[in-house]
Asks: 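Below is a structure I'd like to ask you about.
Both backbone and side-chain heavy atoms feed into the values below; hydrogens, waters and symmetry mates do not.
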Amino acid sequence: RVPNCGSSTPLVTKDGGVFEVRPAVSGPGSRLVGRAPDGTRYFFQHLVKDQYDTVTHPTQIRVITNTGPGYSVSSHVPETLRRDIYVLYATRVEDRFGNSVNYEWNGARLVRIHANDGREIVVHSSKVAPTLSEAEDPRYQVDRITARGDVGDAGREWQYLLFSDRREVVNPDGTRWVYRGAVPRAIEYERERDVILSTMPFQAGKQSMLADIATCTKAYPFKSGQVATIEVTHPSGASMAYRLQPVRHGRAATPFSCNQQSDDQLTWNSRIPRYEDGWTLVERNLSGPAIAPVRTTYTYDGLGVSFAPGWEQYVAPNEIAQGPQRKVVTATRSDGTALRFTYGRDYGINEGLMLAEETLSGGTVASRVDHTYVLPSENASQAFALAFGAITMGYSDQFSAYNVPVKSSVRTQDGATFTTSQQSFDAWARPTSSTASSSLGSSRTASTAYHDNLSLWVVGQTSRQVLAGVETSRIEFNALAQ
């Protein structure tokens, strides 16, 4: 799974993208050249440094002890980390036919995007903090863009307006998109509370709110009342309002790996992340001229944390996952219809994979689709590797790099079932033979062959298809994968 491009490609994506690391054109460091599976090349060689938000660790703390005559007071202070961010921006995109688009930069500011056929977009922007130098704050905000079809074209202009309560995008014809609200950059936590340390003499202090939600799994409680509302209004007047709240999404059946930093158990934390806090969609409302209002609410079940069987000697029995773990997301509309999605939650097995999708009406399931996958435990009998590449950072989750293609999908509707099953896969984890059948008595087989040009890195083109033993298509490709 590597292109014949004359250099190594140490960075890969799961869907077949690869990246070469080359010396920087000017200055120290490196640049990247990415190749998409369709042969398009992306050149990243403009580096911009910015000061990033200081992060407060969600669970890790330092213990600070203050002593004096007759007393010793310990405080738990969250660990913080000042951060810089380095962004390597695209400077050129080129397809295998020689068509290209170039991105011109002036420091941290994108000024122009232009294609080799004469089309261009000119970007007009201003500094977010005009009193600071670019080294102190390199952020720019786009004020307007001008798009031209070719040389001499007067072009069309889009304006980007910022007001205290909204943002607007004004189209060339004068119509506009309106955006109100925003998701806060961080969730707020109750990190400490006031306590009385001593009454003789009277002393007050702070107590950390960090607490165990499971063995070696700590978290702060959310501050109450946090809600984010975002409203997007279309030029026609139709609008969609989204409401989000902080939700803790736990992970299931994880291994036990406790980082015991000191004798103080309040500093202990899991090396494997066991939950994720995030702004989560809980409601959306559609309204507008001549539109019947539609309200959709979202519920989430199966959010708790648990350990995998086999770690009973380290954790409480009720913390061990019992049977397959599932997460269920239900979207219910105001007319009584609903969509329900079931996802796997077993660490390293099916975490995040959609197992079922259902359509409901009045609480009754009208249709259901169940999916199965070629799980990691089945990979030894397959023609493809367990993973194309590896995630090399410490205790990072390897499952996201695994190849787990869909093995079968079964639709149940109106009393009948319709099944599509993949019988075999090639070395790229692509299906090569399949069977489609139904409970009504019909069945047919299909096979697919693919063409891969590793020099151009154009992979996955369908070259031949056979349906029920009859060849239905065949394509011959030239050296340009045409």
Asks: With distance as the sole criterion, is a donor-acceptor pair present between the side chains of Glu104 and Asn102 under 3.5 Å?
Replies: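 Asn102 and Glu104 do not have a side-chain donor-acceptor pair below 3.5 Å.
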Asks: For the side-chain contact (heavy atoms from CB on, under 4.5 Å) test, which of Gln413, Glu358, Arg340 pairs with Arg368?
Replies: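 Result: among Gln413, Glu358, Arg340, Glu358 is the only option passing the side-chain contact (heavy atoms from CB on, under 4.5 Å) with Arg368.
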Asks: Just checking, is any N or O donor in the side chain of Tyr402 or Asn379 under 3.5 Å from an acceptor N or O on the other one?
Replies: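 The criterion, which ignores hydrogens and geometry beyond distance, is not satisfied for Asn379 and Tyr402.
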Asks: Would you indicate whether Arg92, at its atom CZ, is surrounded by more than 12 heavy atoms from other residues, nucleotides or ligands within a distance under 6.0 Å?
Replies: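 More than 12 within 6.0 Å, yes.
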Asks: So, are Asp452 and Arg430 salt-bridged, with charged N and O less than 4.0 Å apart?
Replies: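 Looking at Arg430 together with Asp452, the answer is yes, because their closest N to O distance falls below 4.0 Å.
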Asks: Between Arg35 and Glu20, is the closest basic N to carboxylate O distance under 4.0 Å?
Replies: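 A salt bridge is present here (some side-chain N lies under 4.0 Å from a carboxylate O).
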Asks: Between the side chains of Arg345 and Glu351, is the shortest nitrogen-to-carboxylate-oxygen separation below 4.0 Å, so that they form an ion pair?
Replies: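 So Glu351 does not pair with Arg345 through a salt bridge.
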Asks: Does a side chain donor of either Thr297 or Thr332 reach within less than 3.5 Å of an acceptor in the other side chain?
Replies: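 Not at all, the side chains of Thr297 and Thr332 share no donor-acceptor pair under 3.5 Å.
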Asks: Looking only at heavy atoms, which two atoms of Arg109 and Ser125 are closest? And how far apart?
Replies: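 What the structure gives for the nearest pair is CD-OG, 3.0 Å.
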Asks: May I ask you to say whether Arg295 pairs ionically with Asp335, meaning some side-chain N is under 4.0 Å from a carboxylate O?
Replies: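 No, this pair does not count.
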Asks: Side chains of Thr372 and Ser408: any donor to acceptor distance under 3.5 Å?
Replies: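 Present: a donor and an acceptor within the cut-off.
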Asks: Looking only at the side chains, is there a donor atom on one of Gln45 and Tyr89 sitting less than 3.5 Å from an acceptor on the other?
Replies: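 On atom types as modelled, these side chains do not qualify, holding no pair under 3.5 Å.
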Asks: Which distance, rounded to the nearest 0.5 Å, do you find between the CD of Gln141 and the NE2 of His124?
Replies: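 Answer for the CD-NE2 pair, Gln141 versus His124, is 15.0 Å.
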Asks: Should Glu157 and Arg144 count as an ion pair when the cut-off is N to O under 4.0 Å?
Replies: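 Result for this pair is yes, salt bridge flagged.
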Asks: Hydrogens and angles aside, do Thr462 and His451 bring a side-chain donor and acceptor to less than 3.5 Å of each other?
Replies: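 No donor-acceptor contact under 3.5 Å links the two side chains.
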Asks: Could you grab the distance from atom CD of Glu357 to atom CG of Leu355, nearest 0.5 Å is fine?
Replies: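 With rounding to 0.5 Å, CD (Glu357) is 10.5 Å from CG (Leu355).
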Asks: Can you confirm whether more than 12 heavy atoms, excluding those of Phe163, are under 6.0 Å from its CZ atom?
Replies: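 For Phe163, atom CZ is crowded (more than 12 foreign heavy atoms under 6.0 Å).
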Asks: Before we go on, tell me: are the rings of Phe384 and Trp428 under 6.0 Å apart, centre to centre?
Replies: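 No - the distance between ring centres of Phe384 and Trp428 does not fall below the 6.0 Å cut-off.
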Asks: Could you state the interatomic distance from CD (Gln423) to NZ (Lys407), rounded to the nearest 0.5 Å?
Replies: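 Reported to 0.5 Å precision, the distance equals 10.5 Å.
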Asks: Is a side-chain donor-acceptor pair under 3.5 Å present for Tyr298 with Arg284?
Replies: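 Arg284 vs Tyr298: donor-acceptor pair found between side chains.
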Asks: Here's one to test your reading of the geometry: is the NZ or CZ of Arg191 within 45 degrees of the ring axis of Tyr220 and under 6.0 Å from its centre?
Replies: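 Judged by the rule (NZ or CZ under 6.0 Å from the ring centre, within 45° of its axis), Arg191 counts as positioned above Tyr220.
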Asks: Between the side chains of Thr435 and Ser421, does any donor sit under 3.5 Å from an acceptor?
Replies: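 The answer is no; no qualifying pair exists.
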Asks: To the closest 0.5 Å, what do you measure between CD (Gln325) and CD1 (Ile349)?
Replies: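 It is 10.0 Å, given to the nearest 0.5 Å.
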Asks: Are more than 12 heavy atoms from other residues, nucleotides or ligands located less than 6.0 Å from atom CZ of Arg271?
Replies: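 Yes, the 6.0 Å shell around CZ holds more than 12 heavy atoms from other groups.
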Asks: Crowded around Arg83 CZ? As in, over 12 foreign heavy atoms under 6.0 Å?
Replies: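 Check passes, neighbour count above 12.
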Asks: Do the numbers put Lys127 on top of the ring of Tyr140, so that NZ or CZ is under 6.0 Å from the six-membered ring centre and no more than 45° off the axis?
Replies: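 Pair Lys127/Tyr140 counts as cation-pi.
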Asks: List the atom of Leu88, the atom of Arg31, and the distance in Å for their closest heavy-atom pair.
Replies: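 The answer is CD2-CA, 4.2 Å.
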Asks: Does a side chain donor of either Ser287 or Ser239 reach within less than 3.5 Å of an acceptor in the other side chain?
Replies: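 Distance-only check passes for Ser287 and Ser239.
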Asks: If you draw the axis of the six-membered ring of Phe222, does the NZ or CZ of Arg248 fall within 45° of it and under 6.0 Å from the ring centre?
Replies: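 Yes, Arg248 and Phe222 form such a contact.
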Asks: Which one of Thr359, Thr330, Val329, Thr296 satisfies the side-chain contact (heavy atoms from CB on, under 4.5 Å) criterion with Leu339?
Replies: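 Exactly one candidate clears the test, Thr359.
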Asks: Search all heavy atoms of Phe43 against all heavy atoms of Arg41 and return the closest pair with its distance.
Replies: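 Shortest heavy-atom contact: CZ-CZ, 3.8 Å.
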Asks: Taking all heavy atoms of Pro235 and all of Thr175, pick out the closest pair and write down the distance.
Replies: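 In this case the closest contact between Pro235 and Thr175 is CB-CB, 3.7 Å.
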Asks: Please report the shortest heavy-atom distance between Val227 and Arg243, naming the atom on each side.
Replies: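 Val227 and Arg243 have their closest heavy atoms at CG1-CG, 3.5 Å.
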Asks: Atom CZ of Arg96 and atom CG of Leu480: how far apart are they, to the nearest 0.5 Å?
Replies: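 Taking CZ in Arg96 and CG in Leu480, the distance rounds to 7.5 Å.
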Asks: If we ignore hydrogens and angles and just use 3.5 Å, is the side chain of Trp105 paired with the main-chain N or O of Ala90 as donor and acceptor?
Replies: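 Yes.
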Asks: Quick one: pull up OG1 in Thr229 and OH in Tyr242 and give me the separation to the nearest 0.5 Å.
Replies: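 Those atoms lie 12.5 Å apart.
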Asks: Would His46 and Thr91 count as a side-chain hydrogen bond (donor to acceptor under 3.5 Å, both in side chains) here? Give the steps.
Replies: CA-CA 7 Å; His46 184 74; Thr91 54; over 6 Å; no
Asks: Heavy-atom count around Arg464 CZ within 6.0 Å, excluding the residue itself: above 12?
Replies: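 Enclosed: over 12 neighbouring heavy atoms sit under 6.0 Å from CZ of Arg464.
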Asks: Ignoring hydrogens, what is the shortest heavy-atom contact between Val305 and Gly250? Give both atom names and the distance.
Replies: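 Smallest interatomic distance, heavy atoms only, reads CG1-CA, 3.7 Å.
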